[in-house]
Each structure stands twice: as C-alpha cells, then as structure tokens.
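Below is one structure; the comments refer to it alone.
These values consider heavy atoms only, across backbone and side chains, with no hydrogens, waters or symmetry-generated copies. Since the structure is predicted, the reported quantities are computational estimates derived from the model, not experimental observations. Atoms within each ligand, like the ligands themselves, are counted from 1 in listed order.
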Amino acid sequence: MTRVTDAPSPGACRICGGVVEEFLDLGRQPLSDRFLEPDESGEEFFYRLAVVQCRACTMVQLAEEVPRHLMFHADYPYHSSGSSVMREHFAGVAQSFLATELTGADPFIVEMGCNDGIMLGAIQEAGVRHLGFEPSAGVAGVARSKGVRVRTDFFEEATAREVRAAEGPADVIYTANTMCHIPYLDSVLRGADALLGPNGVFVFEDPYLGDIVTKTSFDQIYDEHFYLFSAGSVQAMADRFGFELVDVERLPVHGGEVRYTLARRGVRTPTPAVARLFAEERDQKLTCLATLRAFAANVWKIREDLVALLERLRAEGHRVVGYGATAKSATVTNFCGIGPELVSFVCDTTPDKQNRLTPGRHIPVRSAAAFSDPYPDYALLFAWNHAEEIMAKEQEFQQSGGRWIRYVPQVHVT
Ligand code: SAM
Ligand code: TMP
Ligand code: ZN
C-alpha cells in the first residue's frame with residue numbers, strides 16, 4: 001500500500017469552518033484496524049495523527065482526515081459482538097427504544113454502523129421495521145445472517161434521502177461509536193433532517209471528551225475517531241442543522257461515553273441532565289485550550305513512564321504480552337515506539353486479527369488461548385475499557401503470579 005495524500009487537511013473546523021488550534025501531535029500513525037498478513041510486502045499507509053480544537057464552536061477533531069474507504073471495507077475486522085458487556089448494553093438499548101420511541105402504529109428505526117447486528121438483532125426479533133447502514137461488507141453479512149435488514153452503504157445525505165423516499169420517515173435514527181468516525185457530519189445531519197419524522201429523535205453515543213481528558217485516555221484518538229465530542233460542541237453542531245440537544249446520559253462503556261439525543265429544534269423540552277452537563281463542562285473548563293494542553297502534557301508523561309517500565313522489564317528478563325489488539329492500541333504502540341522487542345505478542349479473541357501483525361509496529365497477534373500457554377510475567381492491558389469482563393475471566397493469570405500493566409489514567413502495575 002502506498003501513502004495516500006489526497007485527503008484534505010482541514011486547516012479549518014470541519015463543522016463550522018472556524019479557525020482551529022492544534023494541541024496534541026501523536027505522530028506518524030498507520031490505519032488502526034489494518035492488521036497485516038505476516039508475509040505482506042509493500043508500503044503501509046501512514047498519516048499524521050494530530051488533534052485540533054475549533055476556537056469558534058469548540059469541536060475537538062483530527063487535523064488530518066483518512067479516506068473512509070481505507071478504513072471501512074469488506075475486511076473491517078471489528079465485530080461488536082465480541083464483548084458480552086456490549087451485547088448486554090445493546091440489548092438494553094433495543095429494549096428501551098421498543099418501550100419508548102417505537103410504540104406507534106408502524107414504527108421505523110434506522111441504525112448507522114449496525115456492524116454485526118448487535119443492536120438491530122433484538123429489534124428484528126421484536127418484528128419492528130428497521131434498516132441498518134453498514135458499509136463494511138464483512139460485518140454487514142454477519143448482521144444479515146441474523147435476519148437484520150442491512151444496506152451495505154455509508155449513511156450520508158444522498159443515501160438517507162433515498163430511504164426517506166422509499167420507506168417514509170424514521171422515528172429513530174440511532175448510532176453508536178460511529179458518529180465520531182465521520183468527518184462529513186454536515187452531510188449526515190442533512191440526511192437525518194431529511195429522513196427523520198417531525199417528532200423523531202437522532203440518538204448517538206460516542207467516547208466523551210470529558211472522560212478522555214479526566215482519564216488521559218489518549219488511545220481513544222486514532223484515525224477512526226475523527227471527533228471527540230462534548231455536550232457543548234454537540235449542541236453547537238446540532239444548532240447549525242436545526243436540531244437541539246434534548247437529553248444526555250453518561251455511559252460507562254468503552255471507557256466513558258455520552259449518549260446524545262437530538263430532536264428538531266423546539267419540539268421536545270430538554271431534560272435537566274443537559275443543563276447539568278453543560279455546567280459540569282464549564283466548571284471543568286473542559287473546552288478551554290489550557291485544559292487540552294494540560295491533557296497533552298499528561299499524554300507525554302504516560303509515554304515516558306510506559307516506555308521506561310517496559311524497557312526495565314525487558315532488561316530484567318521478564319516476558320510481557322499485550323491483551324486485546326484494539327484499534328486504540330495502534331496509537332499507544334506507534335506513539336510510544338513499542339514493538340515485538342518489548343511486547344512479544346498481543347492476544348485477541350477476534351479471528352480476523354489473529355495470526356496477523358499489528359499496524360505500524362508489527363507485533364504478532366495470537367489467539368486468546370495463547371495467553372495461558374504459558375502465562376506471561378506481565379500483561380499490558382490494551383483493552384482496558386473491557387477490564388471488568390477480562391479480569392473476571394483471567395483470574396487464574398493473577399493467581400499464578402501474573403501482573404497487569406495499565407496506562408490509564410497513569411502507568412501502574414496491579
Ligand atoms: N455500532 C457498533 C458498535 O457500537 O459496536 C459498531 C461500531 S464500529 C466502531 C463503527 C462502524 O461504523 C463500522 O462498522 C463502520 O463500517 C461503520 N461506518 C463508518 N462510517 C459509516 C457511515 N457513514 N454510515 C454507516 N456506518 C458507517
Ligand atoms: P474495543 O476496545 O474497540 O472494543 O476492542 C476490543 C478488542 O479486544 C477486540 O479486538 C476484541 C478484544 N478482546 C479480547 O481479546 N478479549 C476480551 O475478553 C474482550 C472483551 C475483547
Ligand atoms: Zn467549529
């Protein structure tokens with residue numbers, strides 16, 4: 001693969017065109033979900049991963065955009081149903097929509113980024129009219145095998161208009177961990193405007209800037225995570241397209257997210273939770289550049305501490321493996337310069353990642369079974385957002401003397 005440089009470097013806010021200020025440069029990075037075949041030759045795609053903030057609307061976003069077809073394609077390896085916690089989470093989301101927004105005569109829900117049908121599966125079982133948009137054909141096929149109706153396509157203005165013309169207005173447009181992946185949100189919001197019924201809601205949940213700053217979870221920043229949302233920046237964006245932020249909910253999943261509910265301006269009364277989160281963000285000075293610069297300094301401190309720890313462990317002859325070949329770990333390994341000499345392999349439950357090499361640093365990926373065969377001295381927890389689930393099933397590792405290395409919110413060994 002050769003480097004593609006035709007993506008426009010914004011230089012201006014992707015939402016409002018305002019002036020942007022850079023506060024963190026995580027260097028040259030590969031595609032975070034592009035796991036290489038061991039014998040693959042040719043050049044890998046790299047881009048500069050830097051984060052900027054818009055002075056006008058406060059939106060935090062990447063400085064460089066990676067073309068979408070390089071990230072979301074037939075071989076996109078992320079299967080949402082790989083985590084039992086997430087399966088439960090999305091079953092709950094489906095039940096909640098079925099009990100509230102989808103109780104009319106012939107309700108209709110559209111999901112952007114339905115992946116393997118983790119949420120729409122339950123909607124389909126309830127016999128409710130639905131459509132998933134999923135451009136990554138591999139995972140879309142898995143959803144289809146569950147009986148979910150899927151269009152293998154990107155949601156954007158043109159495709160949303162087609163659905164509206166063919167199937168009528170939607171009561172709910174829902175999307176999880178996908179809105180923040182989409183630089184062209186102007187097109188998505190115009191599409192939502194065209195597709196949503198007059199009293200419909202547009203609900204999305206994504207990693208929350210407040211959690212990222214508080215936990216210094218800088219590994220939430222990678223090619224696919226183009227935006228880091230806050231309530232303030234989402235409200236400013238919604239307003240530009242005739243929507244209003246009418247509800248927010250903090251979620252514990254994926255290291256801390258917020259579920260935002262948008263409705264057409266003036267149609268629904270915002271819940272008190274919206275004003276509360278605005279106030280919290282003001283008190284935390286969340287979108288002040290000084291806060292973001294302090295966050296960047298913490299990121300550099302984690303890099304220094306993590307590299308020093310791994311180098312010491314290597315010098316002492318300890319064996320360290322990684323746990324979870326997450327997209328997030330691409331940022332950590334490439335920013336910190338961690339390769340197979342420091343972490344001998346990474347274990348992961350995803351078949352599409354196994355027996356391949358991690359992006360950029362080329363650490364071998366092995367199956368989950370390899371973890372205990374034999375246990376390493378230390379495990380670097382890349383999938384820290386699934387810590388509870390992983391700790392529950394890996395008790396034997398710790399009982400046999402193994403130690404976990406974590407780097408969020410700072411480097412520590414447990
Ligand atoms: N919603 C699932 C979840 O929360 O686990 C999947 C999240 S996955 C990180 C992001 C998904 O969004 C991918 O499956 C990708 O193919 C899809 N995607 C990216 N751009 C999209 C777009 N414009 N419309 C619909 N889906 C999109
Ligand atoms: P995520 O942080 O984007 O959800 O990715 C989690 C990755 O970690 C995914 O590749 C699956 C992997 N994983 C495991 O290997 N074992 C586990 O127990 C869990 C929950 C995830
Ligand atoms: Zn802006």
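D377 and R403 are not joined by a salt bridge, as no carboxylate oxygen comes within less than 4.0 angstrom of a charged side-chain nitrogen. Taking a cutoff of 4.0 Å between a charged side-chain nitrogen and a carboxylate oxygen, R361 and E44 do not qualify as a salt bridge. For E341 and R314, the salt-bridge test fails: no basic side-chain N is under 4.0 Å from an acidic carboxylate O. Taking 4.0 Å as the cut-off between side-chain N and carboxylate O, E280 and R276 do not count as a salt-bridged pair. R149 and E167 are joined by a salt bridge, as a carboxylate oxygen and a charged side-chain nitrogen come within less than 4.0 angstrom of each other.
Inspection of the Y323 and E394 side chains reveals an N or O donor paired with an N or O acceptor under 3.5 Å. A donor atom on one side chain and an acceptor atom on the other are not found under 3.5 Å apart for T261 and R268. Between the side chains of E157 and Y184, no donor N or O sits under 3.5 Å from an acceptor N or O. Residues Y407 and D305 bring no donor and acceptor atom of their side chains to less than 3.5 Å of each other.
Of the candidates V346, D219, D348, D348 brings a heavy atom nearest to atom 9 (C) of ligand 2. Which of I390, V365, D352, N385 comes nearest to atom 19 (C) of ligand 2 through a heavy atom is settled by distance: it is I390. Here the shortest heavy-atom distance to atom 26 (N) of ligand 1, taken over C114, A137, G113, belongs to G113.
The protein heavy-atom contact nearest to atom 14 (C) of ligand 2 is T349 OG1, 3.4 Å. Given atom 11 (C) of ligand 1, the protein heavy atom at minimum distance is T178 OG1, 3.6 Å. Of the protein's heavy atoms, K393 NZ, 2.5 Å lies nearest to atom 18 (O) of ligand 2. Looking only at heavy atoms of the protein, atom 3 (O) of ligand 2 is closest to Y78 CE1, 3.4 Å. Scanning the protein for heavy atoms near atom 4 (O) of ligand 2, the closest one is H386 NE2, 2.7 Å.
Residue contacts with ligand 1: E224 is placed with no nitrogen or oxygen under 3.5 Å of a nitrogen or oxygen of the ligand (distance criterion only). Considering backbone and side-chain N/O of S136, one or more are found under 3.5 Å from N/O of ligand 1. Where the criterion is an N or O separation shorter than 3.5 Å, residue side chain and backbone included, E134 meets it with respect to ligand 1. Considering backbone and side-chain N/O atoms, Y323 never comes within less than 3.5 Å of an N/O atom of ligand 2. Looking at ligand 2, you won't find any N or O of T326 less than 3.5 Å from one of its N or O atoms.
Exactly one residue among R34, E134, E224 makes a side-chain hydrogen bond (donor to acceptor under 3.5 Å, both in side chains) with Y76. That residue is E224. For the ring pair (Phe, Tyr, Trp, His ring centres under 6.0 Å) test with H225, the passing option among Y227, F229, Y222 is Y222; the others fail.
Only side-chain heavy atoms of F72 come within less than 4.0 Å of ligand 1; its backbone N, CA, C and O stay farther off. Looking at I182 against ligand 1, only its side chain comes within 4.0 Å, counting heavy atoms. Contacts with ligand 2 closer than 4.0 Å are made by side-chain heavy atoms of K328 only, the backbone lying farther away.
Near N177, with a cut-off below 4.0 Å to any heavy atom, the atoms of ligand 1 are 3 (C), 4 (O), 7 (C), 8 (S), 9 (C), 10 (C). Each of the following atoms of ligand 1 lies closer than 4.0 Å to a heavy atom of A176: 1 (N), 2 (C), 3 (C), 4 (O), 7 (C). Close approach of ligand 1 to F155 (heavy-atom distance below 4.0 Å) involves ligand atoms 22 (C), 23 (N), 24 (N), 25 (C). Atom numbering of ligand 1 starts at 1 in the shown order; those under 4.0 Å from a heavy atom of Y184 are 23 (N). Close contacts of ligand 1 with S80, meaning ligand atoms under 4.0 Å from a residue heavy atom, involve 2 (C), 3 (C), 5 (O), 6 (C).
One N or O on the side chain of N115 and one on the backbone of Y78 form a donor-acceptor pair closer than 3.5 Å.
Relative to the ring axis of F154, R68 places its NZ or CZ within 45° and under 6.0 Å from the centre. For the pair R293 and F23, the cation does not sit on the ring face, since its NZ or CZ is not both under 6.0 Å from the ring centre and inside 45° of the axis.
Atoms SG of C13 and SG of C54, as seen from the Zn ion (ligand 3), are separated by an angle of 110°, to the nearest 10°. If you put the vertex on the Zn ion (ligand 3), SG of C57 and SG of C16 sit 120° apart, to the nearest 10°.
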